[in-house]
Amino acid sequence: MISFLILNGPNLNLLGTRQPEVYGHTTLKDIEAMCHAKAKDLGLQITFEQNNSEGALVDAIHAARGVHSGIILNAGAYTHTSVALMDAISSVALPVVELHLSNIHAREEFRHRSYIAPVATGIICGFGAAGYPLAIEALNGQLAAQG
Ligand code: CA2
């Protein structure tokens, strides 16, 4: 069965509690439920995780190898800083969707740079929480098309 790791980076555990004008009112628990519902619809499995530490995110990407068919990654602020995450993605040879709630290109200039983008299969940003089920659908469609 197809299985995706949905991996969330630093501070995303605070979703729905602060800065709703930027990130909305939906909590990470709500998003996890949305992802499980979409996975059930499509007949696939997901593992949903959040971690504030860069090293733990690297470990989670390594551990996905041989277990999951792809990764949906909201690396949070590490998107804009982490060569380690970029290298981890390159090393596992799994398709990765880079995901952001906000449109990072419409925000501060430091958010325009992504270390994930060059090693990502595709990018979804700016659709808020709805981006998560969209990413599941997109990655599933891509894998199905590849056979
Ligand atoms: O838009 C996104 O999904 C981001 O990955 C969110 C990151 C930000 O650093 C990226 O540039 C874009 C920040 C996540 C922090 O989430 C918070 C949630 C509630 C309150 C404070 C922060």
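Every number for a ligand or one of its atoms is a count from 1 in the order of the listing.
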Colleague: Please check if any side-chain donor atom of Tyr132 sits under 3.5 Å from a side-chain acceptor atom of Asn8, or the reverse.
Modeller: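 There is such a pair (donor and acceptor under 3.5 Å, judged by atom type) between the side chains of Tyr132 and Asn8.
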Colleague: Please list the nearest protein heavy atom to atom 4 (C) of ligand 1 with its residue and the distance rounded to 0.1 Å.
Modeller: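 Answer, as residue, atom name and distance: His100 ND1, 3.7 Å.
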Colleague: Return yes or no for this condition: an N or O of Arg111 is under 3.5 Å from an N or O of ligand 1.
Modeller: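 Yes - when backbone and side-chain N and O of Arg111 are compared with those of ligand 1, one distance drops under 3.5 Å.
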Colleague: For atom 1 (O) of ligand 1, find the nearest protein heavy atom and state the residue, atom name and distance (0.1 Å precision).
Modeller: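 Result: Ser102 OG, 2.5 Å.
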Colleague: Drop me the distance from Asn74's CG to Ile6's CD1, to the nearest 0.5 angstrom.
Modeller: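 That separation rounds to 11.0 Å.
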Colleague: Which protein non-hydrogen atom lies closest to atom 21 (C) of ligand 1, naming both residue and atom, and how far is it?
Modeller: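 Ranking protein heavy atoms by distance from atom 21 (C) of ligand 1, first comes Gln19 OE1, 3.5 Å.
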Colleague: Using distance alone, with no hydrogens and no angle criterion, decide if Ser90 and Asp87 have a side-chain donor and acceptor under 3.5 Å apart.
Modeller: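 Result is no, nothing qualifies.
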Colleague: side-chain contact (heavy atoms from CB on, under 4.5 Å), that's the test. Do Ile31 and Leu101 meet it? Break it down for me.
Modeller: CA-CA 11 Å; Ile31 292 177; Leu101 296 153; 4.2 Å; yes
Colleague: Below 30° counts as parallel, above 60° as perpendicular, anything between as tilted: where do the rings of His80 and Phe110 land?
Modeller: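 Perpendicular, since the angle between the ring planes exceeds 60°.
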Colleague: For the CD atom on Glu21, are there more than 12 heavy atoms of other groups (residues, nucleotides or ligands in this structure) within a distance under 6.0 Å?
Modeller: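 Atom CD in Glu21 is packed in, count exceeds 12.
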Colleague: More than 12 non-hydrogen atoms from neighbouring residues, nucleotides or ligands closer than 6.0 Å to CZ on Arg107, yes or no?
Modeller: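 Yes, CZ of Arg107 has more than 12 neighbouring heavy atoms, counting only those of other groups under 6.0 Å.
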Colleague: Can you sort out which atoms of ligand 1 are near Ala77, meaning under 4.0 Å from one of its heavy atoms?
Modeller: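 Here the atoms of ligand 1 in question are 9 (O).
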Colleague: Tell me, please: is Thr79 in heavy-atom contact with ligand 1, that is, under 4.0 Å?
Modeller: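 Checking ligand 1 against Thr79, which is what was asked, there is no heavy-atom contact under 4.0 Å.
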Colleague: Tell me the protein heavy atom at minimum distance from atom 13 (C) of ligand 1, and give that distance in Å.
Modeller: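 Protein heavy atom with the smallest distance to atom 13 (C) of ligand 1: Tyr23 OH, 3.3 Å.
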Colleague: Please round to the nearest 0.5 Å and tell me the distance separating atom CG of Leu139 and atom OG of Ser69.
Modeller: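 Going from the CG atom of Leu139 to the OG atom of Ser69 covers 8.0 Å.
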Colleague: Within a distance under 4.0 Å of any heavy atom of Asn11, pick out the atoms of ligand 1 and give their elements.
Modeller: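 Taking each heavy atom of Asn11 in turn, ligand 1 has 15 (C), 16 (O), 17 (C), 18 (C) under 4.0 Å.
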Colleague: Give the numbers and elements of all ligand 1 atoms closer than 4.0 Å to a heavy atom of Leu101.
Modeller: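 In order of numbering, the contacting atoms are 1 (O), 2 (C), 3 (O).
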Colleague: Under the 3.5 angstrom rule, does the side chain of Asp59 hit a backbone N or O of Ala56 as a donor-acceptor pair?
Modeller: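 The answer is no, because no donor-acceptor pair under 3.5 Å joins these two groups.
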Colleague: Using heavy atoms and a threshold below 4.0 Å, how should the contact between Ile104 and ligand 1 be classified: side chain, backbone, both, or neither?
Modeller: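 It is the side chain that touches ligand 1; the backbone stays farther off.
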Colleague: Number the atoms of ligand 1 from 1 as they appear, then name those within less than 4.0 Å of a heavy atom of His80, with their elements.
Modeller: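 It comes down to these atoms of ligand 1: 10 (C), 11 (O).
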Colleague: Are any of the N/O atoms in Arg107 less than 3.5 Å from those in ligand 1?
Modeller: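 The answer is no, given that Arg107 and ligand 1 share no N or O pair closer than 3.5 Å.
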Colleague: Residue-level breakdown please: for Arg18 versus ligand 1, do any non-hydrogen atoms fall below 4.0 Å on the side chain, on the backbone, on both, or on neither?
Modeller: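 The part of Arg18 near ligand 1 is both the backbone and the side chain.
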